[in-house]
Each structure stands twice: as structure tokens, then as C-alpha cells.
Amino acid sequence: MIQRPRGTSDFLHMDNPHWAFVESSAAALAQLYGYSRIDTPTFESADLFVRTIGDSTDIVQKEMYTFEDKGGGLLTLRAEGTAPVCRAFLEHGLHNRSLPLRLYYLCPVFRYERPQSGRYREHHQFGVELLGAEGPEADAEVIALACDLVKKLGLEDIELFVNSIGDPSCRSEYLILLSEYYQGTINTLCNDCKDRFTRNPLRLLDCKNEHCSVIASGAPKMVDNLCGPCESHWQKLLMYLNTVNIAYDIDHRLVRGMDYYTRTVFEFKPKGSGSQGTILGGGRYDGLIEQLGGKPTPGIGFGSGLERLVLNLEKKQINTAGRAPELVVVLHHGDECVPYAMEVINHLRSKEIPSVLASSGKSIKAQMRYAASLQAKTVIILGEDEVNSRCVTVKDMLEGNQETIKFEDLNNYLNTS
RNA sequence: GUGGGCGUGGCCAAGUGGUUAAGGCGCCAGGUUGUGGCCCUGGAGAUCGAGGGUUCAAAUCCCUUCGCCCACCCCA
């Protein structure tokens, strides 16, 4: 038997109401904040991701779904949400519209990893991007949106961590400091960190290895070494967060996985969750648009994993089930009643009443059971008598009573019951 | 990529060498001649993940393989 590829899922929405709830909540919230939806292609030029995410990152090193198409071009399944939006921004000349521009997306993201709880090869992200806004109030807006999402979903005990990783100029000075700090201890570090030391020293900070953690927590802090503009941006952001009553923890070791981030980075994690816990993460990326060939344009945004949000809803047993549509099921007695049944059901649908026709060849009893299994509130029964008199027998499944009325009186019955 | 756990009908699950592989849920049918939910009765559905080996005999022991889950790495 052919099975679905590892790390993918078949979403049976009838069995999991959380998904639709999360999607619609996210979209509604984005719209409330003035964001409009963008859908980018499922695959892009491999180059787009390689150049923006950074070739020393794990995503580029080993997690991308890259393939050659028949034209010989290298394509990659969307590995991340921000770069494609920025590419589209440039491709459609959106920088010529009035800025800032607010965009949101809901789309699948693909990474070749070993699946585990909260981690899949195909997962889905809700994300927002605020392009062309430089001030720290933009950072605060995006974080506030994220915060509202968590609240709207009813998730509790979610912590917000923030940090600043400066801009290229002050960061390069900081990295020198960091290297000096680590100089004497390199040999005691884990193998990954030895590698990080030469390839991407900033990543030394978020090593989870016990020994490395101790060393990392004593390292000089980026926020103590910001340049003037970055420092001012950082302080204002913290002030704005305070004024809108958003609680946060400063995490000096928060650095994030993509190379394009500048200044603000942030993550939302459930309390006590493991390393797969992050439900939302993002940051500022002021150099990204320029790097893609546009004129310097600041940007900030976040991505949030729908699967992880749903996982947390399930864990907390939060009930998100909306009211199921009240189905009307039309039963019929024998094939000769089918045409009339079809007439009735077409009428129901024309009145926007959700309805299904029970299958022919089954006893009324079986059709009744089927209706009950669909949790129909109303059942319409049609037999020879009803056909001949152009009547319908309407049964209230909750009360258990029924009456036979004229077909043309059906609207009134349904409106008043 | 590394480490651990697990694979028995659609789902849950007993069974740890010996005749036709329990049970529950669900499904189908009957008990009601045109009527559900409760109850009763009956039925369908499993080459015990796959392949090989040991044995008179394997779901059960051994090997291989595939798949799922969990953890590490990293990320949403």
C-alpha cells in the first residue's frame, strides 16, 4: 500500500476542529491589524533561500527540498516564509506603493528533517511581514499582533523572549569581543560549538549542551554592545512593549536561525516546553530587501507553526469546536421517489440550507441511522404518499416528533422551527 | 545524521511456541410492514508491517528490512 511521505499529514478536518479555528483566527487578526494576504509559489529558485537564509545554516546545509526541473533550473520547496514575500515585493514593484506595506500568509513550509512531536517535513505557517517601516513601533506592532494571536487562541503560559542582535556594523565588533571571550575555552566546547566558533560565532550562544550553556551565559551580551542607533531602537522597543503591557523576558542567548535578522529578534514559547516548543518566532530584517537587489527597505515579521499551535490547543484541551452546520437529511422510500427527493433537496440548497440526500437502495431505518450519525437536526422523509400529494414529512430529530406539510410550506416550517 | 520505544481487522486491544487469533468501539443487517439515538440477536472484516530462518509446530524465538512514535541536532 502506498503511504504518505514521511513527515506529512492528511488533515481530517472533521476530526480536528482546531485547525480551522487557528486559520480563521489568524486571518481575522491579521486583517484587524490591516494586513492583506499574499500567497507565493510553493517552490522558488533555490538561490532565493540559499542567499537569504545563509549557507552556513542547518536549513540550507541539510534541510531543503531542492530538485532540478526539466528545464534544468534548481528549485526549492518553500523552506521559509519571509524571503519569498520579499522576492514578490520586489518583483511586483510594491516598493513603489505607499509604504509601509502589511502582508500576511498562510502556507505550507518544507524542511527535510527527522519528524518528531511538533516537527514535520511539511508544516504550515501563519506569518506577517511589515515592509518599509523602520521605527521600533513597527516591531512593537508585530509583536503585539503575535501576542493577540496567542490570546485569541486561548493559549496560556506562553512566554515572550526578546533580544537584539544589532546591525552588521556593531555586530561585527561584538563578534570580535565574543571570539576573545571564547578564545581560551574552545577546546572544552562540544564539537558543534567548535564548528560554530569558526563558521558562525553568534550561534555559540544558543547551544543547549550543558557545559557550553554555562560558558555562553557568561559571554558578553550583544545588548551591551549595540551601536547608538541600535541601542536607541532597542530601548524604545522595550518602552513601547511596556506601554502596551506586553510582558517579555530578555534572552541574551536568543539569536534565531536565519542569517538575515538584524536588531530585534523574538520567540514565543509555552512554559516548560522542550526544544521543539517554539510556536512563533521572528525578527527584523533590514538588509534583506537590499540583498535581493532592491533599494534599502527595512522589514520585520514573524512565522508561526500552525501544527504547534494546534498541538498546544490539544494539550490544554481547549474547546474550539464551532457549531456544526445543521444538516437536513432527505430520506426517500424507493427509487420512484428519487426525482421528488432531488427536487426537494435542490430547493433546500437554493435556500442556503445545508442538506444531503440519503443513498437509495437502503431501508428507511438505515437512512435514518445515517441521518442520526450526521447529527442531522431535521430529517425529511419522502414516500409514495408525499410524492402523490406534493407533501413532505418533516421530523425533528431532537424532539422526535414529525408532521406532514405541503412542500410549499417547507420554508415557513424551517424558518420557525 | 545519532540514540531509544513500538508495529495484531477502520480504531483500541488480549495473546510471550501448540487445534478454526479473545474482547471492546465502529460498520452492516435483523428484531419494527416507511423512522434514528437505548436494548437484544446475527454478520462482514486480520495472509498478526514485510521478507527470510530455527522448529513436528511461530503473532510469540533469531536475522534482515520497511513504517510509525519519541529524544538529540536544528527549527514553526
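Below, chains carry the letters A, B, ... as their sequence lines are ordered, and counting in each starts from 1. Everything numeric in this text was worked out from a predicted model, so none of it was measured.
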Figure out the [atom1]/[atom2] separation between [X] and [N], and round it to whole Å.
{"X": "Asp385(A)", "N": "U33(B)", "atom1": "CG", "atom2": "P", "value": "16 Å"}
{"X": "Glu399(A)", "N": "G37(B)", "atom1": "CD", "atom2": "P", "value": "18 Å"}
{"X": "Tyr112(A)", "N": "A76(B)", "atom1": "OH", "atom2": "P", "value": "20 Å"}
{"X": "Tyr261(A)", "N": "A76(B)", "atom1": "OH", "atom2": "C1'", "value": "10 Å"}
{"X": "Arg114(A)", "N": "G4(B)", "atom1": "CZ", "atom2": "C1'", "value": "11 Å"}
{"X": "Lys395(A)", "N": "G34(B)", "atom1": "NZ", "atom2": "P", "value": "15 Å"}
{"X": "Arg6(A)", "N": "C66(B)", "atom1": "CZ", "atom2": "P", "value": "9 Å"}
{"X": "Arg121(A)", "N": "C69(B)", "atom1": "CZ", "atom2": "P", "value": "11 Å"}

Mind checking [X] for me? I need base, sugar-phosphate or nothing, with any heavy atom below 4.0 Å counting as a touch.
{"X": "Gly127(A)", "result": "nothing"}
{"X": "Lys208(A)", "result": "sugar-phosphate"}
{"X": "Glu80(A)", "result": "nothing"}
{"X": "Glu122(A)", "result": "nothing"}
{"X": "Leu309(A)", "result": "nothing"}
{"X": "Phe126(A)", "result": "nothing"}
{"X": "Gly400(A)", "result": "base"}
{"X": "Ile381(A)", "result": "base"}

Salt-bridge present (Glu141(A), Arg102(A); N to O < 4.0 Å):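 A salt bridge links Glu141(A) with Arg102(A).
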Do the charged groups of Arg199(A) and Asp195(A) touch, with an N to O distance under 4.0 Å?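 Yes, Arg199(A) and Asp195(A) are salt-bridged.
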Is there, by distance only and without an angle test, a donor paired with an acceptor across the side chain of Arg4(A) and the base of G67(B) below 3.5 Å? no
Could you check whether the side chain of Gln3(A) and the base of G49(B) have a donor-acceptor pair of N or O atoms closer than 3.5 Å, going by distance alone? no
Please determine whether salt bridge (charged side-chain N to carboxylate O under 4.0 Å, His left out) holds for the pair Glu267(A) and Arg256(A), giving the CA-CA distance in whole Å, both sets of side-chain angles, and the decisive distance to 0.1 Å. CA-CA 9 Å; Glu267(A) 275 184 9; Arg256(A) 307 278 310 143; 2.9 Å; yes
Can you tell me how far [atom1] in [N] sits from the matching atom in [M], rounded to whole Å?
{"N": "G43(B)", "M": "U16(B)", "atom1": "P", "result": "27 Å"}
{"N": "U32(B)", "M": "C39(B)", "atom1": "C1'", "result": "14 Å"}
{"N": "G51(B)", "M": "A58(B)", "atom1": "C1'", "result": "15 Å"}
{"N": "G24(B)", "M": "G4(B)", "atom1": "C1'", "result": "31 Å"}
{"N": "A22(B)", "M": "C27(B)", "atom1": "P", "result": "22 Å"}
{"N": "G18(B)", "M": "U60(B)", "atom1": "P", "result": "11 Å"}
{"N": "U55(B)", "M": "G9(B)", "atom1": "P", "result": "30 Å"}
{"N": "A21(B)", "M": "A50(B)", "atom1": "P", "result": "16 Å"}

Any strand is fair game: report the nucleotide pairing with [N] by Watson-Crick or G-U wobble, both distances under 3.5 Å, or none.
{"N": "A29(B)", "value": "U41(B)"}
{"N": "G34(B)", "value": "none"}
{"N": "G18(B)", "value": "C56(B)"}
{"N": "C68(B)", "value": "G5(B)"}
{"N": "A76(B)", "value": "none"}

Got a sec: does the CD of Glu384(A) have more than 12 other heavy atoms crowding it under 6.0 Å? no
OH/Tyr112(A): more than 12 non-hydrogen atoms of other groups inside 6.0 Å: no
Would you mind reporting whether Asp157(A) and Pro270(A) have side-chain heavy atoms less than 4.5 Å apart?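 No; the side chains remain at least 4.5 Å from each other.
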Using side-chain heavy atoms (C-beta onward) and a distance below 4.5 Å, is Ile38(A) in contact with Tyr104(A)? no
Using the six-membered base ring of A76(B), report whether His124(A) stacks on it, requiring centroids under 5.5 Å and planes under 30° apart. no
Is the charged tip of Lys269(A) near the ring of Phe161(A): under 6.0 Å from the six-membered ring centre and within 45° of its axis?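 The answer is yes, since Lys269(A) meets both limits relative to Phe161(A).
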I want to check a possible cation-pi pair here: Arg37(A) against Tyr105(A), using under 6.0 Å from ring centre and within 45° of the ring axis as the test.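 Judged by the rule (NZ or CZ under 6.0 Å from the ring centre, within 45° of its axis), Arg37(A) is not positioned above Tyr105(A).
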Might you point out which heavy atoms bring Arg390(A) and Tyr340(A) nearest each other, and give the distance in Å?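 Scanning both residues completely, I find the closest heavy atoms to be C-OH, 3.3 Å.
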Consider side-chain contact (heavy atoms from CB on, under 4.5 Å). Of Val128(A), Leu29(A), Ile158(A), Leu155(A), which one does Leu149(A) pass it with?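 For Leu149(A), the side-chain contact (heavy atoms from CB on, under 4.5 Å) check succeeds only for Leu29(A).
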What nucleotide among A71(B), A76(B), G34(B) has an atom nearest to a side-chain atom of Ser117(A)?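 So the side chain of Ser117(A) is nearest to A71(B).
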Pro115(A) side chain, from C-beta outward: closest of C69(B), A76(B), G67(B):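 Given the options C69(B), A76(B), G67(B), the side chain of Pro115(A) is closest to C69(B).
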Of Lys62(A) and Ile279(A), whose nearest nucleotide on RNA chain B comes first from the 5' end? Lys62(A)
RNA chain B: 5'-proximal contact among Ile59(A) and Ala376(A) (nearest heavy atom):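 Checking each residue's closest nucleotide, the 5'-ward one belongs to Ala376(A).
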With a 4.0 Å cutoff (strictly under), does any side-chain N or O of [X] reach OP1 or OP2 of [N]?
{"X": "Arg256(A)", "N": "A76(B)", "answer": "yes"}
{"X": "Gln402(A)", "N": "G36(B)", "answer": "no"}
{"X": "Gln116(A)", "N": "A71(B)", "answer": "yes"}

Identify, residue by residue, the members of residues 355-369 of chain A with a heavy atom below 4.0 Å from RNA chain B, and return them in order of residue number, or none.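 Only Ile364(A), Lys365(A), Ala366(A), Met368(A), Arg369(A) qualify.
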